[in-house]
Each structure stands twice: as C-alpha cells, then as structure tokens.
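Data block below; observations after.
Sequential numbering from 1 along the given sequence is applied to the chain's residues. From a predicted model like this one, the values you see are computed outputs, not experimental measurements.
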Amino acid sequence: MQVSSLNEVKIYSLSAGRSLPEWLSDRKKRALQKKDVDIRRRIELIQDFEMPTVCTKIKVSRDGQYIMAVGTYKPRIRCYDTYQLSQKFERCLDAEVVTFEILSDDYSKIVFLQCDRFVEFHSQQGHYYRTRIPKFGRDFSYHYPSCDLYFVGASSEVFRLNLEQGRFLNSLQTDAAENNVCDINPVHFLFATGTAEGKVECWDPRTRNRVGLLDCALSSVTADTEINCLPSISALKFNGALKMAVGTSTGQVLLYDLRSNNPLIVKDHQYGLPIKSIEFQHHLDLIISADSRIIKMWNKDTGKIFTSMEPEYDINDVCLYPNSGMLMTANEAPKMNIYYMPVLGPAPRWCSFLDNLTEELEENPESTVYDDYKFVTRKDLENLGLAHLIGSTLLRAYMHGFFMDIRLYHKAKMMANPFAYEEYRREKIRHKIEETRAQRVQLKKLPKVNKELALKLIEEEGEEQQLTRKRKQKNMPSLLKDDRFKVMFENPDFQVDEQSEEFRLLNPLVSKTSEKRKKKLKLLLEQEAKEQEEEEEPEGKPSDAESSESSDDEKGWVEEVRKQRKLLRQEEKVKRQERFKEDQQTLLKPQFFEIKEGEEFRSFKDSAKKQKLMKKTLGDRLKLEEKLGTLNVSDTTVGSKQATFRLKKSEQQKKQQEAEKQHRQERKALRRSAGHLKSIRGRRQQFH
C-alpha cells in the first residue's frame, strides 16, 4: 500500500502493486507471495477488481452494496459485491458502452447507452430489451417522477423515452448544433444540457419549455487563461437545489448559483484538457474535479486547493463512494484504482478494517527512503570499492547519487570494514558512560581538547563581563556553551598545534600571555588530580600589570615576528645537518636495472638527452630532426606543407643490414667465378 501526502492530506492507494494472473493456481500464488515482497505487501481490497484492457465508467448502486464497471475489450460489464469482496457476475455486450445508469437500488435495473445508437436494458437475470435512438448518443439522464429517459448527442434535439408507456415522446428542441452532457436536479428535477457551443440550457420537464440559458464559454475566459478554440461543455453536475458545477473542454470548472448568470468561482486545472468528471463532497464542502491527467479537490466557497492526485495512467471516470473517504477511478489501464483518504470520511462498513490499518500506519510512520534500497553518493561507492558498478543495472542513478540494493551495500561494507560494528559498539558504550558521568555533581573542569584556548576564552569572558557591568550592557553568549563550537573542544582532530610554523608566524606574541596560561593550566591540572573542590588563585601578575604590558607587546610585535623567523631558520639548518649526517652514515647499495630483450645498454646519458628533448617545444624538436636528416618538410602545390619522417635504425638493424650486404657480395663473387669456369670449359671443348 502506497502512502502519499499533499498539503498534509494522506492518500492511501489500495490498488498499488502488481496483480497476479487469473490462471495461476492457489499454490503458485502462495509461492509467489513468499518470494516477492511487493506481492506480499499489496492489499487486494476487492478480488479481481480490474478489466481486460481499459475501464471507461464506474458507478456505485444506491444501497452501496454493488459496484458496477464497464470496459473493453471485449465490451463488458462487471458487477462486484462489496459484502463478499469479490465479483458477482460479468456480462459481455455487442458494442462499447458510452455511459450507463443504475435505475434501481441494486443491480436489477440497468440502462446502457452504446456507441452504435442502441439503448440496452438489463434486468436481474440479464439482457431484457434493446432499442435504438435516431442519433448517436453521448449522455442520458433518468427523470424519476415521469419515468422518462432524456438522451443527448450529435443532434440539436433531446430525445425522450418513456419507460412506463414503452414509447418515444416528443423531443425537446435546443438552439445548439450538438449536446454533450446532461443532468437532472435531484430536488426540483430541473433538466440541464451542456452544448458544444459552450452554453447550458435549462428546461422544465413539466411544461417542456426552456427556462434559462447560461453562456459558460464567455464566463470561463479570464485574464490568465489561454484559449485557442471555443470551449464546449464536457461535464455537468447539480448540488442541492441551487448549485451547479460546469466543466469545459479547455480545463475550467465553473460553479454557478442558478439565480445568477455569473459564476461564483472559476477554477482552472492548468492542463488544457477536458473535464471528465465532477463530484461534490458534502462533509468538507469540496468539489472533486478530474481531467484525464489529474484529480483536484478544492473548496467550493474559496476555491483553495485541498489536495490533488496524479495517477500513473489517464483517467476516464471518477466515482466517490457515498458517505465515506473512498474514491475509485476508471483508467486507461486494466486495473481500477481505489484511494482512501481518512480526512474525507470513514471507511465504508464493508471494509472498516481500513480505519484500524491507517491508524497503525500513522502511529508508526515509515521513513521516506526505500526499504529495500540504500542511497549512496559517488564518494561512498569509491570508499566501498564499487565505483566500477556505475552504469550497470545494480545501480540506479537518482539526483546526486545512486540507489543500490541494501543487501549488496551491507556485504560491501562488511568487506571494506569488517570491524565497523565493533567500533560502533565501543563508541556507543563510551557515549553512554559519558552521559552517566554528566549526571553526577561536576566540578568546573576544562575540556579535554584545546585546554589553553578554553582558558583564554574564559579569561576574555570574565573581562567582558566586568566591562558590561560597568557599561550596563547585555552579556554575549559563551563560545564554550555554544553547540555550534562544541565539537572543537571534544574532537581531538581540532587540537591546535602551537609548535606548527603557521601558528608561530600568525601568533608571535604568545610569549608572556602563554606562560601565564600554562601556569594556570598546571594549577588546574593539579587540582583535578587531587580532586580539590576549592580552586586556588593562579600565580602571576595582577591585571594592572597585564594591561600595562599589553602596550609593550603591541610595540614589539615586529621584533617578535623577526625572532620567530630566525628561530624557524635555525631549526631548518639543524634538521638539514642531521639529514646530512644520516646520509653519510648510510651505506649506498648498488642498484641493478633489467634491460628488455632486443635492446643494448648504451649509457645513462641517453635518458638525460631524451628528457631534455621532451622539455623542448615541438618547433625546436622539428628543427633538430631536420638537421639530423630524419625529417623532410616540403610545400605542396595546394599551399599546404608535407612532412616525411625517416625512422632511426637501431644497432642490431644496422648489423643485420651489413651482414646481408656482405652475403650479397659473396654470392655475386661466387656467381662470377662459376661463370668464369663455364667459359673455360667451353673453350676446351671447342679446342678438342
């Protein structure tokens, strides 16, 4: 169950989580619930509360026992029994349902307006009768006193079908080209229809005459709204005898008093999408308006937003369960969403356990972090040695870090620091002991860290208190008691090193004042060791002497800085001499270097030459290579320059080339001698 909060209004999504397929056996469902945490945590309020593909309309019967929903595909209606928390029946239809109405208190009489102009009547056992209207219908309303059905659609006429006589009556002729929606007031049964031109026409069913006309399109246009086309009426709902809410196709909701032509409030959804549904919540005087993207709840008197919800899928219809805080939506998805808001009202009696469940959740609020994931930054990943996982499926990027599985995080932390728990335990024990010590009667003690600084602050506070008493000013807060600087006197990492070079140069006048404080520190430490309650006065000169000497210290500030610099130089000389002596005493051992195969050792000067060459610029190196003959730069006909390089030959390559050359010369000599012998033999044969 997901919990969201907006404007401090908690919204519990009862249909969150994955749904299991119908064809799974009970055994497999139980096995999945054991393995999968999401399936185990989900709440299935009504069994199989979903459609095969899309749900278009959802309504509740007047007795509150049955929930009816229509959807596709195939076109069908499903009835759910809330007392059994399961589906009662399912009926398939010949065409998609535009809208439907439950005429009885239960599911025994239902009327469906279908997209192929047919009106279908269903009784308790199933299909009862089917008839057709002259034009394509978009909406209809039932007039209970006369048993008339009023149909509006792609026509200027409002068709009337009397269910008592079983025949069509004379239609009502409107001034509009088309009518989109209609509604009948439950108190005085005034019939209202919303037109495509952005007007609302009100008719009296008794006289069949028009009694009023409202131009909602003109009233919906304000200074802040941007409208590209003429707004048409997309939703209409009566509240009591005098109030009526109108929704336009451009995303505005107008609240009217029937005695006035001007709207009381104009509420803009800011999305520019047609208003799909309007509901009234009487307990908190709220209006619930919904377009395909968002459901907004706002006060009908002030227009102030109460809360809002943005489901994952587009909204087709919204149904508020009567006298409760439960809200149901039909979406462009198989699953129908159920929301519960305890602020709007109690849970229905068939699911009263929701009140106890939400109360327990409010008593034990959960953290907003994911239970099964840990948020880590890039630095944390480097410390854990998991930086190589960035970009893999094990890490999910979010804001300035990543989400990773909590089990992987704990394993990596144990590998990186196996003694982390013991250190944490020791630290906790130490804190507990310190807390118990703090409850005892304590003497005035200096902190463990930066004792001299604390003593200096105490002295300065004493002097400031004397001055403030004389001048009658307010005392400034103490740094020792300030929580922001508390760690400076507790954590040893913040200890001031007075022997460091920076401290001695920044604070040259430490001589006289530090000696006095050191004496005081020694006395205080002795008192703490002896555990004496009475504090002795620290030795030293009186305050008058200190004030007289402060001027001398200010005058000799430059001299003290020079002295400190001289001392630092002397210390550096002493350190250098000690290092030199250590270097002389140490025996130098020979170092051996390994040469790679195919290379010959020349000298260490080659590496020095290479380093010098690398320090030179590219232009200098090119000039040097031109002199050596390894580089040749020439101009081309196009105007650019062409550079050719000759690789330097190693000594092995040179020796190999010389050997090959010598071998060629020997072979040439052998060929010459062989040719000479052949010529001698030929001459001898000729002679014989």
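Ring geometry, Tyr398 versus Phe403: the interplanar angle falls from 30° to 60°, so the pair is classed tilted.
Under the ring-ring contact (aromatic ring centres under 6.0 Å, His included) criterion, Phe494 pairs with no residue at all, not counting sequence neighbours. Under the side chain to side chain contact (heavy atoms under 4.5 Å, CB included) criterion, Glu578 pairs with Val574, sequence neighbours left out. Every residue meeting the side-chain hydrogen bond (donor to acceptor under 3.5 Å, both in side chains) condition with Asp355, not counting sequence neighbours, appears here in chain and number order: Tyr340.
Atoms OG and NZ, from Ser5 and Lys10 in turn, are 6.5 Å apart once rounded to the nearest 0.5 Å. To the nearest 0.5 Å, atoms CD (Gln87) and CZ (Phe49) are separated by 10.5 Å. To the nearest 0.5 Å, the span separating OG on Ser289 from CD1 on Ile275 amounts to 5.5 Å. Taken from CZ in Arg430 to NZ in Lys428, the straight-line distance is 11.5 Å, to the nearest 0.5 Å. In this structure, the separation between NZ on Lys413 and CD1 on Ile406 is 9.0 Å, given to the nearest 0.5 Å. Remark: Leu320 CG to Leu344 CG distance equals 7.0 Å, nearest 0.5 Å.
Of the possible polar contacts, one joining the Asn331 side chain to the Lys335 backbone as a donor-acceptor pair under 3.5 Å is found. Panel note: side chain Asp268, backbone Gln270; a donor-acceptor pair is recorded below 3.5 Å. For the pair Arg78 (side chain) and Glu50 (backbone), a donor-acceptor distance under 3.5 Å is present. In terms of modelled atom types and a separation under 3.5 Å, the side chain of Asn299 and the main chain of Leu286 share no donor-acceptor contact. The backbone N or O of Thr56 sits nowhere less than 3.5 Å from a side-chain atom of Asp317 that would complete a donor-acceptor pair. The closest donor-acceptor contact from the side chain of Lys267 to the backbone of Gly303 lies under 3.5 Å.
The nearest pair of heavy atoms linking His388 to Gly385 is CE1-O, 3.3 Å. Here the shortest heavy-atom pairing between Cys55 and Met51 reads CB-CG, 3.9 Å. The heavy-atom pair separating Val449 from Gln495 by the smallest distance is CG1-OE1, 3.4 Å. Considering all non-hydrogen atoms of both residues, Asp48 and Tyr80 come closest at O-OH, 2.8 Å. Nearest heavy-atom pair, Phe402 versus Ala397, reported as atom, atom and distance to 0.1 Å: CD2-CA, 3.7 Å. Residues Ile294 and His269 come closest through the heavy atom pair CG2-ND1, 3.8 Å.
Put simply, the side chain of Met297 does not reach to within 4.5 Å of the side chain of Ile305, judged on heavy atoms. Here the side chains of Leu6 and Ser308 are in contact, with some heavy-atom distance below 4.5 Å. For the pair Leu45 and Cys351, the minimum side-chain heavy-atom distance is below 4.5 Å. Contact annotation: the side chain of Met404 approaches that of Leu386 to within less than 4.5 Å [non-hydrogen atoms, C-beta and beyond]. Residues Met336 and Thr329 form no side-chain contact, since every pair of their non-hydrogen atoms from C-beta on lies 4.5 Å or further apart. Side-chain atoms of Ile338 and Met326, non-hydrogen and from C-beta on, do get closer than 4.5 Å to each other. Leu394 places none of its side-chain heavy atoms less than 4.5 Å from the side chain of Asp405. Looking at Leu284 and Phe306, their side chains come closer than 4.5 Å, going by heavy atoms from C-beta outward.
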Is there a side-chain contact (heavy atoms from CB on, under 4.5 Å) between Ile315 and Ile295 once you walk through the steps? CA-CA 9 Å; Ile315 303 163; Ile295 302 169; 3.5 Å; yes

Using the rule given for side-chain contact (heavy atoms from CB on, under 4.5 Å), can you reason through Val376 versus Lys374, listing the C-alpha separation, both sets of side-chain angles and the distance that settles it, and then say yes or no? CA-CA 6 Å; Val376 288; Lys374 173 74 176 175; 4.1 Å; yes

Go through Ile11 and Met309 one step at a time and tell me if the side-chain contact (heavy atoms from CB on, under 4.5 Å) criterion holds. CA-CA 8 Å; Ile11 303 166; Met309 293 179 289; 3.5 Å; yes

Does the side-chain contact (heavy atoms from CB on, under 4.5 Å) test come out yes or no for Leu395 and Ile390, once each step is laid out? CA-CA 6 Å; Leu395 296 177; Ile390 295 172; 4.1 Å; yes

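We find that Glu382 and Lys379 are not joined by a salt bridge, their nearest charged nitrogen and carboxylate oxygen being 4.0 Å or further apart. Comment: Arg293 does not engage Asp291 in a salt bridge, judged by the lack of any side-chain N to carboxylate O separation of less than 4.0 angstrom.
Ring centers of Tyr339 and Tyr12: at least 6.0 Å apart, outside the cut-off.
For the residue pair Ser15/Asn337, the side-chain donor-acceptor check at 3.5 Å is satisfied. Of the N and O atoms on the side chains of Thr377 and His400, not one donor lies less than 3.5 Å from an acceptor on the other residue. A donor atom on one side chain and an acceptor atom on the other are not found under 3.5 Å apart for Trp298 and Thr307.
In this structure, Arg484 places its CZ atom where only 12 or fewer heavy-atom neighbours from other residues, nucleotides or ligands lie under 6.0 Å away. Atom CD of Glu427 sits in a crowded spot, with more than 12 heavy atoms from other residues, nucleotides or ligands closer than 6.0 Å.
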